[in-house]
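In what follows, chains are A, B, ... by sequence order, proteins preceding strands, each numbered from 1.
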2 protein chains.
Amino acid sequence: MRLRHVIVMGFVFLVVRTAPMFGQTTEKAKYAVAAADAAWLKAYQAKDVGKSVAFYDERGSMLAPNTPIATGKDALAQAIAGAFAMPGYNLVWHLRKVGLARSEDLGHTSGSYDSSFQDASGKTISDTGKYLTVWKKQANGAWKVLFDMFNSDLPAAPGVPA
Amino acid sequence: MRLRHVIVMGFVFLVVRTAPMFGQTTEKAKYAVAAADAAWLKAYQAKDVGKSVAFYDERGSMLAPNTPIATGKDALAQAIAGAFAMPGYNLVWHLRKVGLARSEDLGHTSGSYDSSFQDASGKTISDTGKYLTVWKKQANGAWKVLFDMFNSDLPAAPGVPA
């Protein structure tokens with residue numbers, strides 16, 4: 001009886017732990033990544049530097065255009081605070097795709113963004129482009145950003161490398 | 001005896017199939033992703049459009065700066081052929097980081113690039129920047145590109161949204 005119990009429990013364990021390895025990733029797990037993406041946007045729109053940085057993994061990086069890669073909380077806080085300090089800064093992004101590894105510990109989101117700010121003369125400078133974010137599930141179950149990258153869809157100014 | 005055989009085989013199966021889920025991803029699997037990244041660079045450096053496009057997943061996308069996202073083999077072939085047709089086009093990239101899901105079906109590579117081409121006057125225009133690539137393991141074991149994104153580290157020209 002005990003042996004049978006061990007067999008059954010072992011089988012339950014096998015099924016529960018390996019299910020995502022054989023089939024498709026669950027909708028629930030994809031939803032968790034999409035929810036993290038949406039919660040991150042809220043932190044950005046509240047212009048909350050601390051909350052925005054907190055979405056990054058300890059070894060997370062921002063790969064923004066026209067500046068070197070920023071890795072680690074200090075560099076990320078500086079980059080994000082710099083953006084939030086721009087006059088009239090506004091950012092919204094639109095999630096289009098969510099993907100997950102079968103083990104549901106690594107995922108990616110991607111989509112489009114619209115941003116704007118006011119230059120020194122008060123003129124509104126608008127941009128539209130795309131983003132790609134790689135998410136890593138932490139030991140506590142939270143999804144954190146390993147890499148966040150974006151770039152513009154708009155043509156480059158003459159003489160700027162495309 | 002048969003039951004015992006079933007239990008032992010079940011346990012072997014459990015260990016073999018779930019090993020990557022509990023521990024670190026294997027160095028061998030990371031090497032396979034790094035090797036795909038290096039082979040892709042070779043195809044680029046040979047300016048072989050067909051081979052370069054073949055590294056993409058059927059639903060793969062290129063997220064290049066200053067142009068909308070390109071998804072699918074036709075759009076990718078057009079984008080890559082356009083780059084290769086630039087006078088004096090040269091590209092090299094340097095892999096810095098490789099990451100993998102525990103299920104070893106989804107990975108990412110990232111690093112830096114240096115590129116150059118000659119403008120209409122024959123002047124060499126150089127760029128240096130960073131890239132992020134998301135790789136998906138295919139049913140046949142080959143690693144293919146789901147997303148490839150890059151942007152410049154150089155300052156934007158005045159008036160261009162950063």
Side-chain angles (χ1 to χ4, degrees), chain A residues 3 6-7 10-11 13-14 17-18 20-22 25 59 61 63-69 83 86 96-97 99-108 110 112 115-117 119 125-134 136 146-162, chain B residues 3 6-7 10-11 13-14 17-18 20-22 25 59 61 63-69 83 86 96-97 99-108 110 112 115-117 119 125-132 134 136-137 146-162:
Chain A
L3 179 61
V6 168
I7 297 168
F11 195 73
F13 178 80
L14 176 75
R17 294 298 310 195
T18 63
M21 294 188 68
F22 301 113
T25 51
R59 298 194 290 174
S61 296
L63 292 80
N66 309 118
T67 184
I69 188 170
M86 293 166 86
R96 293 275 162 79
K97 289 184 185 175
L100 268 182
R102 285 194 305 267
S103 46
E104 297 182 352
D105 61 324
L106 189 73
H108 51 84
S110 58
S112 62
S115 68
S116 59
F117 68 97
D119 69 8
I125 307 291
S126 297
D127 187 24
T128 184
K130 50 207 167 300
Y131 75 93
L132 172 63
T133 307
V134 175
K136 185 180 178 175
L146 265 189
F147 297 95
D148 182 54
M149 191 167 204
F150 52 99
N151 64 35
S152 180
D153 285 355
L154 304 183
V160 176
Chain B
L3 178 63
V6 168
I7 297 168
F11 194 73
F13 178 80
L14 176 75
R17 293 299 311 195
T18 62
M21 294 188 68
F22 299 117
T25 52
R59 296 195 291 174
S61 296
L63 292 79
N66 308 118
T67 185
I69 188 169
M86 294 165 86
R96 294 275 162 79
K97 289 185 185 174
L100 268 183
R102 286 195 305 266
S103 46
E104 296 182 353
D105 62 324
L106 189 73
H108 52 85
S110 57
S112 62
S115 67
S116 59
F117 68 96
D119 69 9
I125 307 290
S126 297
D127 187 24
T128 183
K130 50 207 168 302
Y131 75 92
L132 172 62
V134 175
K136 186 180 178 173
K137 198 174 187 177
L146 265 189
F147 297 95
D148 182 54
M149 192 168 203
F150 52 98
N151 63 36
S152 180
D153 285 355
L154 304 182
V160 177

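How far CG of B:L106 is from CD of A:E104: 12.0 Å, rounded to the nearest 0.5 Å. Remark: B:R102 CZ to A:R102 CZ distance equals 13.0 Å, nearest 0.5 Å.
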Open item on the list: Using side chain to side chain contact (heavy atoms under 4.5 Å, CB included), reason through B:M149 and A:L63 one step at a time and then give a plain yes or no.
Closed with: CA-CA 10 Å; B:M149 192 168 203; A:L63 292 80; over 6 Å; no
TODO: Could you please spell out the steps behind the side chain to side chain contact (heavy atoms under 4.5 Å, CB included) verdict for B:S61 and A:K97?
DONE: CA-CA 12 Å; B:S61 296; A:K97 289 184 185 175; 4.1 Å; yes
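Between chain B and the residues A:A64, A:G107, A:S110, the largest count of heavy-atom pairs under 4.5 Å involves A:A64.
With B:L132 as the fixed residue, the side-chain contact (heavy atoms from CB on, under 4.5 Å) test singles out one of A:T133, A:V134, A:I69: A:V134.
Taking each heavy atom of A:H108 and B:L146 in turn, the nearest pair found is NE2-CD1, 3.6 Å. What you find for A:D105 and B:A101 is that their closest heavy atoms are OD1-CB, 3.5 Å.
Of the two parts of B:R59, only the backbone, made up of N, CA, C and O, holds a non-hydrogen atom closer than 4.5 Å to a non-hydrogen atom of chain A.
The main-chain N or O of A:D153 is never found under 3.5 Å from a side-chain atom of B:N66 such that the two would form a donor-acceptor pair.
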